[in-house]
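One structure below.
Reminder, nothing fancy here: chain letters follow the sequence lines and each chain counts from 1.
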Protein chains: 2
Amino acid sequence: MESIDTELAARIRHDIVLGNYGEEERISEARLCDTHNVSRTPVRLALRMLEHEGLIRRSEGRGYFVNAPKVNDVLQAVQVRGHLESLAARLMAQSPGRHNTLPILEAAIDEIDRLVSAGTMNDVSIRAMQKQNAVFHKTILDCCGNDFIGFTCSRISHMPMLEVGAMVFDRQVLSTKEGKERSNFRLQLGNSQHKVIFEAIQSGDVVRAEGVMREHSNTMVEYIKVFEKRNEELTIKDLIGYSGISVTRHERAETAQETVI
Amino acid sequence: MESIDTELAARIRHDIVLGNYGEEERISEARLCDTHNVSRTPVRLALRMLEHEGLIRRSEGRGYFVNAPKVNDVLQAVQVRGHLESLAARLMAQSPGRHNTLPILEAAIDEIDRLVSAGTMNDVSIRAMQKQNAVFHKTILDCCGNDFIGFTCSRISHMPMLEVGAMVFDRQVLSTKEGKERSNFRLQLGNSQHKVIFEAIQSGDVVRAEGVMREHSNTMVEYIKVFEKRNEELTIKDLIGYSGISVTRHERAETAQETVI
DNA sequence: TCACCTTATTTGGGATCCCAAAGTCAAGCT
DNA sequence: AGCTTGACTTTGGGATCCCAAATAAGGTGA
């Protein structure tokens, strides 16, 4: 378990993203102290953290104000993350030592293929796919030769759907049979992009690796935009972000909690 | 003036980057307290900030350790920043409202041209050029339509040479007449890239805008690599980062301090 | 009645205190 | 002599206290 302030920051962040605080609401240290039963020290550390992330802003002399992110912010962030991933793909495609890690990518692709073919779009299988998806994307970030890319990505993933390898679903879409089929198709399409990326990296086709990865990331942007078009007042709350880190090299037990947001 | 912890963080950061702490050195709260004559509260806030930036790491239960950045880290960061800027250039090139801000870019280009033509490579003129350079780059970030790009860039500029629009020089190169001429030529070349970027954005040539901006950023990478080749054990200390923010829309007085690092 | 000044209260920043955990050193036992 | 175990010390996390600044409210004078 992390220290109190980290966990506290996560809770407040969760509340802000979920919209429990209302736009522009004032947020006071004292309030947080007694709602979460902690002292002011960890509260201040947590608030500093959130300020750094842009989720709250500290007014010159007087208190903190919520800066609730909108769907558009998520879109922008996903675009940035995708662009960084495309750089990673390009660098990995021109890295001489890439062949050692290619099997990891291949295994992830195969596993997703297997899960998609099964067609059981339940929570367990989706989480399994998400895990493999995260493996695929994280591996590219880790093995591209520029550690700063992964570092930057980790700094900007304040929300579950911004984590590398996260998958986003509409909250309602998974409840209907037709929606499940559509989602399944989407995943199938995504994995075929994975295959192209894999081949481009393997053969050292830097341009293609970068381009397809960009397109791959753009898919999520387009997907969310479709929601936006269908539902005028879409909020972040309406999206389900399947995230959950895993496969750290410390081999810690899978902390893939459900981050429904 | 910012609050104490921010300023304290800047000082510690400065020390770390300058190499005053030695690789892997332990760093204690108490020590910092009496060397900087402050209490532990701001020290802890500052250390948290630096930990977040990756300049120190917090060992599980025991103290902080310095994570001094190497030249290679700077190279990686510059590459990331450049890649983000290339995205911004592309987005701006396809933004319909870009024509309103084009004059700003043009003015910056002209001013740099004027300064380069004068050929006086003294501290004042270099700083003036740096300022216009920052204007150019910041304008693109601000007007590309994706605010998250600029946000991300601001989050990763822990060091002076990582700030948007910063210019880097070798510490010795500016001391000789021949070095000054070479630097002047480099700036001239850079500004001609500015012109190409400007024209690409103006005409809506998204591919060219992105490509040239990437190349433009890559110039700094190559420049530093030349140093590295010439001087085997190059440290960050050997680089001069001309930075200094300005032109915020709050129109605060130019805080362009010399950040020789 | 309105404006301005004064006072009281809210709020955040900084300092100090306390405590638990981990590292260190030394002494005693095998 | 080497290993183990105990106490001591160092260090960081959390809680509480104090203070300055700013806002808000109330009262007084024009």
Side-chain angles (χ1 to χ4, degrees), chain A residues 1-16 20-68 158 250 252-253 255, chain B residues 1-16 20-68 158 250 252-253 255:
Chain A
M1 178 62 78
E2 284 290 332
S3 47
I4 272 192
D5 49 17
T6 311
E7 209 256 337
L8 181 64
R11 263 198 283 180
I12 302 174
R13 177 167 38 225
H14 187 261
D15 282 343
I16 292 178
N20 292 347
Y21 271 112
E23 189 73 7
E24 297 285 322
E25 179 172 339
R26 281 206 48 173
I27 193 170
S28 105
E29 287 188 358
R31 185 84 45 117
L32 290 172
C33 283
D34 55 55
T35 57
H36 294 95
N37 281 321
V38 287
S39 169
R40 283 184 53 202
T41 311
V43 167
R44 286 171 56 191
L45 286 171
L47 288 181
R48 278 306 175 91
M49 212 173 299
L50 296 176
E51 184 203 4
H52 200 75
E53 295 174 5
L55 290 177
I56 64 177
R57 66 172 192 282
R58 190 163 40 139
S59 195
E60 62 291 341
R62 198 122 212 91
Y64 304 88
F65 292 89
V66 175
N67 237 334
H158 317 135
H250 305 300
R252 62 176 165 190
T255 60
Chain B
M1 176 64 79
E2 286 289 332
S3 46
I4 271 193
D5 48 18
T6 310
E7 208 256 336
L8 181 63
R11 261 197 285 178
I12 303 175
R13 178 169 31 227
H14 188 262
D15 281 344
I16 292 178
N20 291 348
Y21 271 112
E23 189 72 9
E24 297 284 322
E25 179 171 338
R26 281 205 49 172
I27 192 170
S28 105
E29 288 187 358
R31 185 84 47 112
L32 290 172
C33 283
D34 55 53
T35 57
H36 294 95
N37 282 322
V38 287
S39 168
R40 284 184 52 201
T41 309
V43 168
R44 285 172 57 189
L45 285 171
L47 288 181
R48 279 305 175 94
M49 209 174 298
L50 296 176
E51 185 202 3
H52 199 76
E53 295 173 4
L55 290 177
I56 64 176
R57 65 171 194 282
R58 187 164 42 138
S59 196
E60 62 291 341
R62 199 117 212 99
Y64 304 88
F65 292 89
V66 175
N67 238 334
H158 318 136
H250 306 299
R252 63 176 162 186
T255 61

Quiz prompt | Shortest non-hydrogen contact from B:I16 toward B:I56 | solution = CD1-CG2, 3.6 Å
Short N/O separations, protein against nucleotides 14-17 of chain D, under 3.5 angstrom:
| unit_1 | atom_1 | unit_2 | atom_2 | d |
| --- | --- | --- | --- | --- |
| D:dG14 | OP1 | A:I4 | N | 3.1 |
| D:dG14 | N7 | B:R44 | NH1 | 2.9 |
| D:dA15 | OP2 | A:S39 | N | 2.7 |
| D:dA15 | N7 | A:T41 | OG1 | 2.6 |

Quiz item: So does A:E51 pair up with A:R57, basic N to acidic O under 4.0 Å?
Solution: no
Self-check item: Within-4.5 Å side-chain heavy-atom neighbours: B:V38 and B:V43
Solution: yes
Practice problem: Would you kindly give the CD1-to-C1' distance between B:I56 and D:dT11, to the nearest whole Å? | Solution: 14 Å
Quiz item: Any side-chain heavy atom of B:H158 sitting closer than 4.5 Å to one from B:L50?
Solution: no
Quiz item: Would you say the side chain of B:L47 lies within less than 4.5 Å of the side chain of B:L32, judging by non-hydrogen atoms?
Solution: yes
Self-check item: Pairing of B:R48 and B:D5 as salt bridge, 4.0 angstrom limit
Solution: no
Practice problem: Using the ring pair (Phe, Tyr, Trp, His ring centres under 6.0 Å) rule, collect all pairs that involve residues 24-47 of chain A, keeping only residues at least two apart or in two chains. | Solution: none
Quiz item: Which residues within residues 27-34 of chain B lie with some heavy atom under 4.0 Å of an atom in DNA chain D?
Solution: B:I27, B:S28, B:E29
Practice problem: Take atom CG of A:L47 and atom P of C:dG13, then tell me their distance rounded to the nearest Å. | Solution: 9 Å
Quiz item: If we only count heavy atoms from C-beta on, is the B:E29 to B:Y64 side-chain gap below 4.5 Å?
Solution: yes
